[in-house]
Amino acid sequence: MLFLLINHFAFGQCFKEISAGYASTMAIKADGTLWAWGDNTFGELGDGTTVSKLVPTQIGTDSSWNTISTGSSFTIALKTDGTLWAWGYNVNGQIGDGTTVEKHIPTQIGTDTNWSKISAGDGHSLAIKTDGTLWAWGLNNGQLGDGTTINKYIPTKIGTDNHWSKISAGYAHSLALKTDGTLWAWGWNIYGELGNGTTVDKLVPTKIGLDNQWKEISSGWAHTLALKTDGSLWAWGFNTQGQLGDGTTTNKHIPTKIGFDTNWSAIDAGYYHSSALKSSGMLLAWGDNEYGQLGTGSTVNKSTPNQIGINTNWDKINAGQFHTIVLKSDGTLWALGNNTYGQLGDGTYNNELIPTAIACPTSLANESIVAKNNFKIYPNPVSTNITIEANEAITETSITDCNGRVIKTDKRNNTSATINVENLKAGIYFLKIATENGSTIEKIIKE
């Protein structure tokens, strides 16, 4: 029963939205709470500090978060009431609060309650309102689309069209779809990332080709992925690492069909790598693999889509700079690639070459179980000894890892206990404390 309980606690239905940034990760749980981990140099995690986190850490207690998008050291988000929030790095005004001062906690942007879609790029932000209008702010080398190269410090309406449906912000270029299925692009175009057959930059949204069957878009550092309504996969732009997936490392200046399959269902472009899902639930990846972000078990680049493992229950993907975050249909979270700043969330700094399960964290509301049962557990995180103090006799303690394996068990009969964990590997564990009147389980982090 303990095995089943721990497994459910660690890996049960958990996250519903994910976003991988430069070296940090944001996620929203099924209960609407917001979580963050990884690099926090500029306050991009939103917990009020600039201290990096190695495991998912709850940001505030609000449970009305709906959508998140993480850029390069900043994050923008929407709540269920349609309000817009942002935090982190802000030197170019990418937060949108009218300043260039970084914010260390989620900060509401304006008072509008009709925001519906968001996308954070390297230094700029895009958004669509419920009325179909397009808005942009932040760094502007043309990627805002307002016809200038002047930075904007608050959300700025782009044109008068009200038929915008989807957006994707890259490093210095932007992509969007209209409700009629047409594809539009603007910003830098040195590698052909706009897809209009040239390398000339565009300062306003420019229609790409004549097709009206586009349904999904994703912008990487300087490459672009897209899906059509027939399920076919297309790519263009920068390709030195094989991130387009056409078997070459040659840049492409127009949308190029990748293979012949027509069962692609989701795409996401990282800096130099690409990830995608098929309608069967298969996970595939290609491009740069220096840190194992493709999940193939090696660090060898791939210039064509490679299936990752044999699982067919992958549901959502998000590619960061050099790491990838994936959700399965059961809500479990998996991470792979670079972990220099703890952006994978497994409690370590170790890179992962294959998808690695990340334990589902306990919400602050649930963590109060420890206090309610009159337990004190400290320190946590712990490096050597963890101490337990209780108001009643402790009968047994046990430590279980994230795979449900019991690491150590001790019988006791006193109101305090000290457990040596010095020999445990760094990571997440679960401490069960039993008394005559019941038991509780607390997540502990071994440093």
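What's counted below: heavy atoms across the whole structure, side chains too, no hydrogens, waters or symmetry copies. All residue numbers in this chain count up from 1 along the given sequence.
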Item checked: Any donor-acceptor N/O pair, N251 side chain to Y191 backbone, under 3.5 Å -> no
Item checked: Heavy-atom donor-acceptor pair, T356 side chain to I354 backbone, under 3.5 Å -> yes
Check: Going through the distances and angles, do E102 and H104 end up as a side-chain hydrogen bond (donor to acceptor under 3.5 Å, both in side chains)?
Finding: CA-CA 7 Å; E102 64 189 47; H104 297 171; 2.8 Å; yes
Item checked: Separation between CG of N114 and OG1 of T130, rounded to the nearest 0.5 Å -> 4.0 Å
Note to self: Can a donor-acceptor pair be found, under 3.5 Å and without considering hydrogens, that links the side chain of S275 to the backbone of D268?
What the structure shows: no
Item checked: W236 six-ring centre to K252 NZ/CZ under 6.0 Å and within 45° of normal -> no
Check: Do you see a donor-acceptor pair shorter than 3.5 Å between the side chains of D246 and N239?
Finding: yes
Check: Salt bridge or not for K316 and E17, using N-O below 4.0 Å?
Finding: yes
Note to self: For a quick test of reading the model, state the closest non-hydrogen atom pair linking L45 to K53 and the distance between them.
What the structure shows: CD1-CG, 3.7 Å
Margin query: Just so I know, are the side chains of H323 and Q293 near enough to count as touching, which here means a heavy-atom distance under 4.5 Å?
Written below: no
Check: Can you tell me if OH on Y341 sees more than 12 non-hydrogen neighbours from other groups inside 6.0 Å?
Finding: no
Notebook entry, point to check: Could you state the interatomic distance from OG (S119) to NZ (K166), rounded to the nearest 0.5 Å?
Noted result: 12.5 Å
Check: If you round to the nearest 0.5 Å, how far is CD1 of I95 from CG of N90?
Finding: 3.5 Å
Check: Where do K79 and N66 land on the side-chain contact (heavy atoms from CB on, under 4.5 Å) test, with the steps shown first?
Finding: CA-CA 5 Å; K79 287 189 178 181; N66 187 54; 5.8 Å; no
Check: Side chains of N311 and K328: does their closest heavy-atom pair fall under 4.5 Å?
Finding: yes
Next item on the list: Please work out whether the ring planes of W184 and W164 are parallel, tilted or perpendicular, with thresholds of 30° and 60°.
Entry: perpendicular
Next item on the list: Kindly confirm or rule out a cation-pi arrangement of K129 over W115, judged by NZ or CZ under 6.0 Å from the six-membered ring centre and within 45° of its axis?
Entry: yes
Notebook entry, point to check: So with a 6.0 Å cut-off around CD1 of I254, is the heavy-atom count from everything else above 12?
Noted result: no
Checklist line | Flag side-chain contact, heavy atom, 4.5 Å: I109 against P155 | finding: yes
Note to self: Using modelled atom types and a 3.5 Å cut-off, is there a donor and acceptor pairing between side-chain atoms of S174 and backbone atoms of Q143?
What the structure shows: yes
Checklist line | Q241: which of N289, T249, N301 passes side-chain contact (heavy atoms from CB on, under 4.5 Å) | finding: N301
Note to self: Do T148 and N140 pair up side chain to side chain, a donor and an acceptor below 3.5 Å, judged on atom types alone?
What the structure shows: yes
Margin query: Tell me if the aromatic rings of F74 and Y89 count as close, with their centers under 6.0 Å from one another.
Written below: no
Note to self: Are Y153 and W137 an aromatic pair, judged by ring center distance below 6.0 Å?
What the structure shows: no
Margin query: Is it true that N40 and S24 share a donor-acceptor pair across their side chains at a distance under 3.5 Å?
Written below: no
Next item on the list: Please confirm whether F15 and W334 have ring centers closer than 6.0 angstrom.
Entry: no
Check: Distance from Q243 atom CD to K302 atom NZ, nearest 0.5 Å?
Finding: 15.5 Å
Next item on the list: Verify side-chain hydrogen bond (donor to acceptor under 3.5 Å, both in side chains) between N338 and Y349, making sure each step is shown before the conclusion.
Entry: CA-CA 8 Å; N338 184 256; Y349 292 110; over 6 Å; no
Next item on the list: Show the numbers, then the answer: is there a side-chain hydrogen bond (donor to acceptor under 3.5 Å, both in side chains) between E352 and N339?
Entry: CA-CA 8 Å; E352 298 293 348; N339 200 24; 5.8 Å; no
Note to self: Could you measure the distance from the OG atom of S303 to the CG atom of D288? Nearest 0.5 Å is fine.
What the structure shows: 12.5 Å
Note to self: Classify the ring geometry of F322 against Y291: parallel below 30°, tilted from 30° to 60°, perpendicular beyond 60°.
What the structure shows: tilted
Next item on the list: For residues A426 and G347, report the shortest heavy-atom separation together with the two atoms involved.
Entry: CB-O, 4.2 Å
Next item on the list: Say whether, by atom type as modelled, one donor and one acceptor occur between the side chain of T324 and the main chain of A319 under 3.5 angstrom.
Entry: no
Check: Between S63 and W65, do the side chains contain an N or O donor and an N or O acceptor separated by less than 3.5 Å?
Finding: no
Notebook entry, point to check: Does the ring of W214 carry K228 above it, NZ/CZ under 6.0 angstrom from centre and within 45° of its axis?
Noted result: yes
Next item on the list: Quick one: pull up CG in L227 and CD1 in I217 and give me the separation to the nearest 0.5 Å.
Entry: 10.5 Å
Notebook entry, point to check: Between the side chains of D330 and N313, does any donor sit under 3.5 Å from an acceptor?
Noted result: no
Notebook entry, point to check: Would you find a donor on one side and an acceptor on the other, under 3.5 Å apart, between the side chain of T50 and the backbone of G43?
Noted result: no
Margin query: Please find the pair of heavy atoms, one from K157 and one from T133, that lie closest to each other, and give the distance.
Written below: CE-CG2, 3.7 Å
Notebook entry, point to check: Under 6.0 Å from the CD1 atom of I407, do we count more than 12 heavy atoms belonging to anything else shown?
Noted result: yes
Next item on the list: Could you please spell out the steps behind the side-chain contact (heavy atoms from CB on, under 4.5 Å) verdict for L353 and L336?
Entry: CA-CA 6 Å; L353 306 186; L336 53 148; over 6 Å; no
Margin query: One pair to check against side-chain contact (heavy atoms from CB on, under 4.5 Å): L333 and V326. What are the steps and the verdict?
Written below: CA-CA 6 Å; L333 177 68; V326 195; over 6 Å; no
Next item on the list: Kindly give the heavy-atom pair with the smallest separation between Q58 and T33, and that separation in Å.
Entry: NE2-CG2, 3.7 Å
Note to self: Does Y22 have more than 12 heavy atoms from other residues, nucleotides or ligands lying within 6.0 Å of its OH?
What the structure shows: no
Notebook entry, point to check: Taking side chain as C-beta onward, heavy atoms only, is K446 less than 4.5 Å from V421?
Noted result: yes
Check: With distance as the sole test, does S218 use its side chain to make a donor-acceptor pair with the main-chain N or O of L225 at under 3.5 Å?
Finding: no
Notebook entry, point to check: So which heavy atom on E44 is nearest to which on T75, and how close?
Noted result: O-OG1, 3.5 Å
Only pairs under 3.5 Å count here: list side-chain donor-acceptor contacts from residues 257-267, not counting sequence neighbours, and write none if there are none.
{"residue": "D261", "atom": "OD2", "partner": "K278", "partner atom": "NZ", "Å": "2.4"}
{"residue": "S265", "atom": "OG", "partner": "L277", "partner atom": "O", "Å": "3.3"}
{"residue": "S265", "atom": "OG", "partner": "K278", "partner atom": "O", "Å": "3.3"}

Notebook entry, point to check: Closest approach of G145 and I158, non-hydrogen atoms and distance?
Noted result: O-CG2, 3.1 Å
Checklist line | Derivation and outcome, side-chain contact (heavy atoms from CB on, under 4.5 Å), residues H173 and N189 | finding: CA-CA 7 Å; H173 75 293; N189 196 27; over 6 Å; no
Notebook entry, point to check: Short question: side chain of D97, backbone of T99 - any donor-acceptor pair under 3.5 Å?
Noted result: yes
Item checked: K16 side chain vs C14 backbone, donor-acceptor pair below 3.5 Å -> no
Margin query: Measuring only between side-chain heavy atoms, which start at C-beta, is T149 closer than 4.5 Å to L203?
Written below: yes
Check: For atom CD1 of I445, is the number of surrounding heavy atoms from other residues, nucleotides or ligands below 6.0 Å larger than 12?
Finding: yes
Check: Looking only at atom types and distance, does a side-chain atom of T156 sit under 3.5 Å from a main-chain N or O of I154, one as donor and one as acceptor?
Finding: yes
Checklist line | For T179, all residues meeting side chain to side chain contact (heavy atoms under 4.5 Å, CB included), sequence neighbours excluded | finding: H163, S165
